[in-house]
**Student:** 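Can you read through this structure? Questions will come right after.
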Amino acid sequence: MSLLDEVVSVPRRTMTLFFMIDTSGSMMGNKIGAVNDAVVNVLPMLDEISETNPDAEIKVAALEFSNGASWLYSEPKLASEFVWQDVTAGGLTSLGEACSELNTKLSRSGFMQAASGSFAPAIILLSDGGPTDDYKTGISKLKNNNWFKAAIKVAIAIGDDADLKVLEEFTGSNEAVFTVHNIDALKQIIRVVAVTSSQIGSKSSSAGDATKQDQVVEEVKAQIENIDGAEAATQVDSSSYSDDWD
């Protein structure tokens, strides 16, 4: 057998997609139902992206927060192995605790310990209101976290009552905040953001390229033009949409 006949398997790096989901009482009903449905339907898409990417595998982690914060699984799972457990709504909005919990896991001793190395993660925050705890302390911890600094960060504001300023503090820019006003828009925007973030986040960057964050934002902006009931937060002041969650 010649050296050319030998097949060497090169370990792929890992890109973890984080869902941070507000499960407070105001999410009860169709909102939380739409989130559950959207994530279930996007997981096979993420699996396909992972399977066809020679450089990186995609893993998924999900953190829900209401009266406190908890992970759906104790470690990130491959999209093919992530069995979604429907979340239910009730309670307050402990965003600060969620941010502190995320900060702990964005570390080599937490979720970023892939032996083959990790791409910066992608983080999707979904919320329909404002935090009821000390969110500033939690966000401050994240701002000093190198994994968070490098991460793709997108926030989905669910309805008119979502606190856009808080979501902007999380992402670092109002350009990365998108608002939805109905069930179908919520489902579509979760799919668009999750797929786009995974596709871009799991690729190696080339010198001179726009940052992955900027690439994701621009791509999502282009796609939401075709989603009725979705808009960039920068457009909300002139919004012609009204909430409809029936």
Side-chain angles (χ1 to χ4, degrees), residues 7-23 31-64 70-88 102 105-106 110-126 147-148 150-156 158 176 178 180 183-205 212-213 215-220 222-224 226-227 230:
V7 177
V8 178
S9 177
V10 179
R12 294 189 296 163
R13 295 167 72 184
T14 297
M15 199 288 292
T16 303
L17 175 67
F18 288 85
F19 289 100
M20 294 180 67
I21 302 171
D22 179 353
T23 55
K31 291 179 181 178
I32 202 65
V35 171
N36 284 321
D37 186 58
V39 177
V40 166
N41 285 295
V42 83
L43 285 172
M45 300 177 191
L46 303 182
D47 180 41
E48 182 178 355
I49 296 169
S50 182
E51 285 293 314
T52 57
N53 187 332
D55 299 319
E57 61 182 10
I58 295 170
K59 292 189 175 183
V60 179
L63 177 66
E64 61 170 317
S70 61
W71 296 97
L72 270 65
Y73 287 99
S74 60
E75 62 182 7
K77 298 276 190 180
L78 289 170
S80 60
E81 300 173 354
F82 196 105
V83 179
W84 183 253
Q85 306 164 40
D86 280 358
V87 293
T88 57
L102 177 63
K105 297 303 184 185
L106 288 179
F111 286 175
M112 313 305 293
Q113 55 182 282
S116 56
S118 299
F119 283 109
I123 305 166
I124 305 173
L125 171 62
L126 302 98
W147 285 109
F148 186 79
I152 295 168
K153 300 175 283 288
V154 176
I156 299 173
I158 303 173
F178 300 92
V180 293
I183 297 167
D184 287 341
L186 176 55
K187 291 180 181 179
Q188 290 183 66
I189 198 71
I190 291 173
R191 174 182 57 79
V192 166
V193 173
V195 167
T196 303
S197 298
S198 297
Q199 289 173 329
I200 294 175
S202 59
K203 292 180 180 178
S204 297
S205 299
K212 291 182 177 182
Q213 174 78 18
Q215 291 178 53
V216 169
V217 168
E218 290 306 310
E219 179 64 25
V220 173
Q223 293 196 49
I224 66 169
N226 299 314
I227 301 177

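The structure presented is a predicted model; accordingly, all values stated were derived computationally and were not measured.
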**Student:** Measure across Val42 and Arg191 and return the closest heavy-atom pair with its distance rounded to 0.1 Å.
**Tutor:** CG2-CA, 3.9 Å
**Student:** For Asp37, which residues count as a salt bridge (Lys or Arg N to Asp or Glu O under 4.0 Å) partner, sequence neighbours excluded?
**Tutor:**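 Testing Asp37 for salt bridge (Lys or Arg N to Asp or Glu O under 4.0 Å), a comparison that skips the adjacent residues, returns Lys187.
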**Student:** Can Leu126 and Asp22 be said to form a side-chain contact (heavy atoms from CB on, under 4.5 Å), step by step?
**Tutor:** CA-CA 6 Å; Leu126 302 98; Asp22 179 353; 5.6 Å; no
**Student:** Are the side chain of Asn36 and the backbone N or O of Ile32 linked by a donor-acceptor pair below 3.5 Å?
**Tutor:** yes
**Student:** Could you list the residues that satisfy side-chain hydrogen bond (donor to acceptor under 3.5 Å, both in side chains) with Gln188, not counting sequence neighbours?
**Tutor:** none
**Student:** Parallel under 30°, tilted from 30 to 60°, perpendicular over 60°: which one fits the rings of Phe111 and Phe18?
**Tutor:**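 Ring orientation, 0 to 90° scale: parallel.
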**Student:** Less than 4.5 Å apart, side chain to side chain, heavy atoms only: is that true for Asp55 and Lys203?
**Tutor:**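 The answer is no, as the side chains (C-beta and beyond) never meet within the 4.5 Å cut-off.
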**Student:** Would Val180 and Ile224 count as a side-chain contact (heavy atoms from CB on, under 4.5 Å) here? Give the steps.
**Tutor:** CA-CA 10 Å; Val180 293; Ile224 66 169; over 6 Å; no
**Student:** For Lys31, give me all partners under salt bridge (Lys or Arg N to Asp or Glu O under 4.0 Å), at least two apart in sequence or on another chain.
**Tutor:**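 Expected list: Asp128.
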**Student:** Counting only N and O atoms by type, is there a donor-acceptor contact under 3.5 Å from the side chain of Ser50 to the main-chain atoms of Leu46?
**Tutor:**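 No; zero donor-acceptor contacts below 3.5 Å.
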**Student:** Should we count CD of Gln223 as having more than 12 external heavy atoms under 6.0 Å?
**Tutor:**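 Yes, the 6.0 Å shell around CD holds more than 12 heavy atoms from other groups.
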**Student:** Restricting to non-hydrogen atoms, name the atom on Ala150 and the atom on Ala120 that form the minimum distance, rounded to 0.1 Å.
**Tutor:** O-CB, 3.4 Å
**Student:** For Ser202, which residues count as a side-chain hydrogen bond (donor to acceptor under 3.5 Å, both in side chains) partner, sequence neighbours excluded?
**Tutor:** Asn53
**Student:** In Å, rounded to the nearest 0.5 Å, how long is the span from CD of Glu57 to CE of Met15?
**Tutor:** 11.0 Å
**Student:** List for me each residue that meets side chain to side chain contact (heavy atoms under 4.5 Å, CB included) alongside Ala151, sequence neighbours excluded, and say none if there are none.
**Tutor:** Pro121, Ile123, Lys153
**Student:** Between the main-chain N or O of Gly110 and the side-chain N or O of Gln113, is there a donor-acceptor pair closer than 3.5 Å?
**Tutor:**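 Indeed, once roles are kept as given, a pair shorter than 3.5 Å links the two residues.
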**Student:** Report the C-alpha distance between Ile190 and Ile124 in whole Å, list the side-chain angles of each, state the deciding distance to 0.1 Å, and finish with yes or no for side-chain contact (heavy atoms from CB on, under 4.5 Å).
**Tutor:** CA-CA 9 Å; Ile190 291 173; Ile124 305 173; 6.0 Å; no
**Student:** Could you work out, with side-chain hydrogen bond (donor to acceptor under 3.5 Å, both in side chains) as the rule, every residue matching Asp184, not counting sequence neighbours?
**Tutor:**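 Partners of Asp184 by the side-chain hydrogen bond (donor to acceptor under 3.5 Å, both in side chains) criterion come out as none, since no residue qualifies.
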**Student:** Nearest 0.5 angstrom please: Met112 CE to Phe119 CZ, how far?
**Tutor:** 11.5 Å
**Student:** Evaluate the criterion side-chain contact (heavy atoms from CB on, under 4.5 Å) for residue pair Phe82 and Lys59; output intermediate values, then yes/no.
**Tutor:** CA-CA 8 Å; Phe82 196 105; Lys59 292 189 175 183; over 6 Å; no
**Student:** Measure the CG-CH2 distance between Leu102 and Trp71 for me, rounded to the nearest 0.5 Å.
**Tutor:** 5.0 Å
